[in-house]
Amino acid sequence: MTTQPDHITLPDDDGDDVGTYVPEAAGPVTPPSFSDFGVHPLIVQALADSGIHAPFPIQAMTLPVALGGHDIIGQAKTGTGKTLGFGVPLLHRIVSPTDPGYDDRPAPGKPQALVVAPTRELANQVMGDIKTAASLRGIRVTAIYGGRAFEPQLEALRAGVEVVVGTPGRLIDLAGQGHLDLSYVQTVVLDEADEMLDLGFLPDVEKLLAMTPASRQTMLFSATMPGAVVALARRYMTQPTHIRAINEEGDSGHTVAAIEQFVYRAHAMDKVEMLARILQARERGLTIVFSRTKRTAAKVADDLRERGFASASLHGDLGQGAREQALRAFRAGKIDILVATDVAARGIDVENVTHVVNYQCPEDEKTYLHRTGRTGRAGNTGVAVTFVDWDDLPRWGLINKALDLGIPDPAETYSSSPELFSDLDIPTTATGRLPRSERTRAGLDAEVLEDLGETGKAHRAPSRGGNDRSRGDRGGRDGQRGGDRTGGGQGSAPAASGDRPARSRNRRRTRGGSPQGS
DNA sequence: AAAAAAC
């Protein structure tokens, strides 16, 4: 495997970042297995049983620090294994009481690790991932979140659990009622930490943290970690080590290179038709369509069903049962289109999501990264298409600038002046029709790109830095489980994308050569 | 301004 961490930022005695640690200069940082970090054999075995053999960069970088009991602010791009980055250490610390940092209070059945997530579905997913790694050691993992009956959750707590994963409201509720004892918690994780420390969540998160021992280990993880959040986070942490798993040089550090990104200038009334055409892509697997409002999500799902697509919506106006049913059907491939609000923007990991469509432009660059990051995970490639309508122009301008996508100002791309498109590798003509030789790209069928008229100009973000070596030959859930994709796309691994003809792109990777999949 | 998150 060619993936390797590029640098780790180490703290000085005050916990401040002091510089960059370059792995090549100090020997290998990515050993061949979890065992090399001293991870408990039964955890290693459970991981191996699910096809996970070698740690991803964020995991390799995090493990030694986390097992030492230190606080961590961990940042790695979408789909690169953050969940096990905290899941493995928190489990190891539960089963290995002699490790440094363990406070040696035997409290079987009392929660010793608490993971907090911003949505119920994510809490559920993370619970499952940790449970898999914990299975052979009999560590009990449970999810605590709202929208569901109290009784089963209370029953699980009564029976005894060592790891609790949940959303803030229900956790506080049950803790306040004395059903959830957080006084033995030794590890607290804020997943999607920048979101959890945002205004809407911060008061609840503070309450939860206050219920845990001050001596706890605190770990924050997210793909996006603004400096202001890091500064704020230090108030709740003890000399945190800031760990960033960044792609190799040449990468702008923002978007995932494996996600091919397109932007369409779209008139609101044309969006459904444009979407329908994109959904006819020949090599499309599962697709998530994002909207900014619950109403639009429901409406678009309806429109698509009317047109014969197997779609369902996922948003906060649905009952929890319906939400989970929609996600379950999507995971199982019973429907291949999920139309969601930003409830599904963060963390949700579904195999074989080949396309993400921003039916409504995301609010900011963080949301753009998280939404588009539902595809292109774990070494696979993906396609992200964003519709930008008149109202979105300023919004998109900010995203484009913040992420350095290199896409011309949307106000300019709206112009039909051909010079403005000369640098783009998708040629546009007066009619917006593409020449025959250029019709298939981004996994979109030729028909999809035809006849889109003024709104049909696709503007592809140039690849950053032309270095794709960091795309690991791995696949599967949380980036590491083996398994096949459906829907073809057996192509060769993309080479440096900056100098490749466009038509050779967009092939999903083959699955061979995985260091973890055999 | 929207969405999320407890009852």
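Letters A, B, ... are given to chains in the order of the sequence lines, protein chains preceding strands, and every chain is numbered from 1. Heavy-atom basis, side chains included; hydrogens, waters and symmetry copies ignored.
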Expressed as a whole number of angstroms, how long is the span from [X]:[atom1] to [N]:[atom2]?
| X | N | atom1 | atom2 | answer |
| --- | --- | --- | --- | --- |
| A:L199 | B:dA4 | CG | P | 18 Å |
| A:D204 | B:dA5 | CG | P | 12 Å |
| A:D198 | B:dA4 | CG | C1' | 11 Å |
| A:R148 | B:dA5 | CZ | C1' | 16 Å |
| A:Y368 | B:dA2 | OH | C1' | 20 Å |
| A:D191 | B:dA4 | CG | C1' | 15 Å |
| A:H370 | B:dA4 | NE2 | P | 16 Å |
| A:D364 | B:dA1 | CG | C1' | 12 Å |

The side chain of A:T293 is closest to which nucleotide in this list: B:dA6, B:dA3, B:dA4? B:dA3

If you check the A:T167 side chain, which of B:dA6, B:dA3, B:dA1 turns out closest?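 Selected nucleotide: B:dA6.
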
Using a 4.0 Å heavy-atom cut-off, does A:F150 contact any base of the nucleic acid, only the sugar-phosphate backbone, or nothing at all?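 The answer is sugar-phosphate, as A:F150 gets under 4.0 Å only of primed atoms, P, OP1 or OP2.
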
Under 4.0 Å, counting only non-hydrogen atoms across every strand here, what does A:G316 touch: a base, just sugar-phosphate, or nothing?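 If one applies the 4.0 Å heavy-atom cut-off, A:G316 turns out to touch the sugar-phosphate alone, with no base involved.
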
Do the side-chain N or O atoms of [X] get closer than 4.0 angstrom to the phosphate oxygens (OP1, OP2) of [N]?
| X | N | answer |
| --- | --- | --- |
| A:R120 | B:dA5 | yes |
| A:R346 | B:dA4 | no |
| A:R323 | B:dA5 | yes |
| A:T341 | B:dA2 | no |

Is there side-chain contact between A:V356 and A:V383, with at least one heavy-atom pair below 4.5 Å?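 In short, these two side chains do not touch, never coming nearer than 4.5 Å.
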
Would you say A:P362 and A:H370 make side-chain contact, with heavy atoms under 4.5 Å? no

Here's a test for you: under salt bridge (charged side-chain N to carboxylate O under 4.0 Å, His left out), which of A:R292, A:K366, A:R371, A:K294 qualifies with A:D342? A:R371

Report the residues that fulfil side chain to side chain contact (heavy atoms under 4.5 Å, CB included) with A:R328, sequence neighbours left out, ordered by chain and then residue number. A:E324, A:Q325

Hey, are A:R148 and A:Q153 close enough side-chain-wise for a donor-acceptor pair under 3.5 Å? no

